[in-house]
Amino acid sequence: MMTAEALTRPVCTATIGDDDTVSVTIDGVDQTFGSMPEAIGFLASTAGDLSRPVKVTAYDPSSTTQPQTHLIVNEDGSVEADASVPVKKRPPRRTTPRPTQATPASQPERPAGRQAERPVTADVDPTSVASLPVIEDAQPEAAEPQASRQAPQPAVKQIPDIPPTASPEPAPVSHGSEVSAASAASQPVPVTVQVEPGDARIKLRPEVKAEKAAAPAREGFRGWLNATFKAKLAASPAEQASRERRARIQRPLETHCTMAVVQLKGGATKTTVAYHLAATYGRIRGGNILAGEFNENQGTLGERAVAGSHDRTTLDLIRNLGTVTRRTSDLVRYIRPQGDDRIHVLASPPEGADRRRVDGTSVKAAHDVLLSLYNLILLDTGNSAQASTWQAAVDVADSLVFVAQNKADDFRLLEATIEGVKAQGHAAKFARSILVITNTAQPNSERLAQLKEYGESIGLAAVVVVPFDRSLQEGQDFDYEALNPATRRAYEEATAALTDQL
């Protein structure tokens, strides 16, 4: 390496933002990059211009123990720790354990040396990884005291048909165990087990999720350090939040579900929201996902999505519904695969087509077949609450996705949409439905607050705001890869909030 040739000039810093963007400053000139690898590439080109390595101070404000990391970036893009700078670390935060309940005399005492055996973990300065030591992650340690506190559950909550673990000596019996034993003796062995909310067995999955959330960072600056120096730094708050959203989206469901995207105003982002919710499901959850149009008028889903090898639509499917069996292969002639988004699109017929057969009855019949083949269906609806197709979509939907842009007329028609759903007798669905608000290029903060307050006032489960994104402007083809990171996060949150209600 050429560490000795690195000089203190130019002064280079890299500041990591909450969204993992990196702001690089070279002698006071600032430039922002989407990720640390992009920033390193820029610094490497600077080193190439100078024909020598450059020193960089990386700032990670979210780190509780090591907010600064001193690096040397070489001309070839390789990175090493700057050993000339002494390591300065903040002392780890001391956490005060919660008071525990007194241990009953009948329970075995906890070994005195257990606390001493527990490894003390903390974030370690990545500049000290010249010999690539393993950096312990502080996140798993935070979970153990909670698990230990939950361990001494009263025996009365145990389910009688689960036999205790065999032991060479009889285990001490608490007062609660006597109650449980008496209860078990008073009735025969049950044929089935009724698992009540709070039962320890249904907590296994959340514990697994928590363990995954505590895995070392794979994204952002910390993920880059882990990959470069073989470290094990904990994930940043932004990455932990992303993992939590993904876990919610991937939650197992008991049945196939349908969601209808509704708003009586045309051009109010119904198609955009329907497609990107489906695409978020396809990319994160997987399985058979369909975004379909059953409109009384021509929609734009087929135009903005990836074109298929055919131009068949929902009208063709309805006409030939009698020949479609409950096999996915029968739908190949009607659906349009969407590549990396891992979903299928079923488009509405164009203007001029005979739409007399596309009515509420045929929509329900087609939906019945599609629901047997697709795990999740996102329906893009029309603009008239009096249309039988719109009413059928609302009828078959398990949850509704109300949409609105940050515009005055969108607000008025959102209220009309809500009234239309109430008129159909589906006000009970509000509690498991969400509102997705899409901001404009010049958002009105007062109106945005009013929209959010309105969504909460009618009892919707969640209100999510999608930021303005030029790649989603009216008429442009859908390209999930072109979405801004903030837009992706918003759609992930909307998808997670929707899944929470299914």
Side-chain angles (χ1 to χ4, degrees), residues 139-140 143 146-147 150 157 159 161-162 191-215 218-219 235 239-261 273-292 326-328 331 335 337-338 340-344 367-379 396-401 428-434 436 460-462 464 480 488-502:
Q139 191 70 11
Q146 182 179 359
Q150 294 176 353
K157 293 185 179 180
I159 296 179
D161 70 319
I162 302 178
V191 178
T192 59
V193 179
Q194 297 294 331
V195 181
E196 300 293 337
D199 188 278
R201 290 171 294 175
I202 64 176
K203 294 181 181 179
L204 293 178
R205 181 172 294 275
E207 290 172 2
V208 172
K209 291 179 182 178
E211 181 180 354
K212 291 181 179 179
R218 295 187 296 270
E219 302 174 0
E239 184 174 356
Q240 290 175 352
S242 175
R243 293 178 183 181
E244 173 63 23
R245 290 193 299 269
R246 296 175 68 89
R248 291 162 61 196
I249 294 172
Q250 294 168 353
R251 180 177 65 85
L253 300 176
E254 296 181 356
T255 185
H256 295 193
C257 299
T258 300
M259 294 141 282
V261 182
V273 171
Y275 182 92
H276 287 90
L277 287 176
T280 303
Y281 272 125
R283 286 173 173 257
I284 296 179
R285 182 184 181 90
N288 295 331
I289 314 294
L290 176 71
R326 298 178 187 268
R327 295 182 301 177
T328 308
L331 292 177
I335 53 89
Q338 297 300 299
D340 290 340
D341 291 338
R342 298 180 179 89
I343 65 173
H344 291 163
H367 172 265
D368 182 59
V369 173
L370 294 170
L371 192 61
S372 66
L373 301 172
Y374 288 96
N375 304 95
L376 295 172
I377 298 177
L378 276 298
L379 293 179
V396 301
D398 299 286
S399 296
L400 301 174
V401 181
K429 294 184 179 182
F430 291 168
R432 55 181 184 270
S433 302
I434 67 172
V436 177
L460 297 182
V464 180
Y480 201 94
R488 291 195 186 194
R489 288 194 298 271
Y491 273 111
E492 287 180 9
E493 179 57 36
T495 307
L498 191 57
T499 309
D500 291 342
Q501 313 309 318
L502 298 179

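Within the 4.5 Å cutoff, no side-chain heavy atoms of Asp341 are placed close to those of Thr280. Val396 has its side chain within reach of Leu379: a pair of non-hydrogen atoms, C-beta onward, lies under 4.5 Å apart. At least one side-chain heavy atom of Ile377 sits under 4.5 Å from a side-chain heavy atom of Leu370. Residues Leu400 and Met259 are not in side-chain contact: their nearest non-hydrogen atoms beyond the backbone lie 4.5 Å or more apart.
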I would like to know whether Leu290 and Ile343 meet side chain to side chain contact (heavy atoms under 4.5 Å, CB included); could you show each step before the answer?
-> CA-CA 6 Å; Leu290 176 71; Ile343 65 173; over 6 Å; no
Report the C-alpha distance between Tyr275 and Leu378 in whole Å, list the side-chain angles of each, state the deciding distance to 0.1 Å, and finish with yes or no for side chain to side chain contact (heavy atoms under 4.5 Å, CB included).
-> CA-CA 8 Å; Tyr275 182 92; Leu378 276 298; over 6 Å; no
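Residues Asp398 and Arg432 are not paired through a salt bridge, judged by the lack of any N-O separation under 4.0 Å between the basic side chain and the carboxylate.
Residues that satisfy the side chain to side chain donor-acceptor pair (under 3.5 Å) test with Arg488, not counting sequence neighbours, are Glu481. Listed by chain and residue number, Ser242, Gln250, Ile284 satisfy the side chain to side chain contact (heavy atoms under 4.5 Å, CB included) test with Arg246 (two or more places apart in sequence, or in another chain). Every residue two or more places apart in sequence or in another chain that forms a side chain to side chain contact (heavy atoms under 4.5 Å, CB included) with Ala494 is listed here: Leu277, Ile434, Val436, Val464. Legend: residues meeting ring pair (Phe, Tyr, Trp, His ring centres under 6.0 Å) with His344, ordered by chain and number and at least two apart, are Tyr374. Every residue two or more places apart in sequence or in another chain that forms a side chain to side chain contact (heavy atoms under 4.5 Å, CB included) with Glu239 is listed here: Ala217, Arg218, Glu219, Ala235, Ser236, Arg243. Here Thr258 pairs with His367 under the side chain to side chain donor-acceptor pair (under 3.5 Å) rule; sequence neighbours left out. Not counting sequence neighbours, Tyr281 has no partner by the ring pair (Phe, Tyr, Trp, His ring centres under 6.0 Å) test. The ring pair (Phe, Tyr, Trp, His ring centres under 6.0 Å) test applied to Tyr480 returns no partner, not counting sequence neighbours. For Asn375, the side chain to side chain contact (heavy atoms under 4.5 Å, CB included) partners are His256, Asn288, not counting sequence neighbours. Shown here are the side chain to side chain donor-acceptor pair (under 3.5 Å) partners of Asp340, two or more places apart in sequence or in another chain: there are none. The side chain to side chain donor-acceptor pair (under 3.5 Å) test applied to Tyr491 returns no partner, not counting sequence neighbours.
The heavy-atom pair separating Arg251 from Leu502 by the smallest distance is NH2-O, 2.9 Å. Closest non-hydrogen pair, Val261 versus Ala274, comes out as CG2-CB, 3.8 Å. Of all non-hydrogen atoms in Pro337 and Ile335, the two that sit nearest each other are CD-O, 3.8 Å. Summarising the geometry of Ala461 relative to Ala431, their closest heavy-atom pair is CB-O, 3.4 Å, with the distance given to 0.1 Å.
Distance check, rounded to the nearest 0.5 Å: CZ of Arg283 to CD of Glu492 gives 10.5 Å.
The only option from Asp500, Thr495, Thr499, Leu498 that meets the side-chain contact (heavy atoms from CB on, under 4.5 Å) definition with Arg248 turns out to be Asp500.
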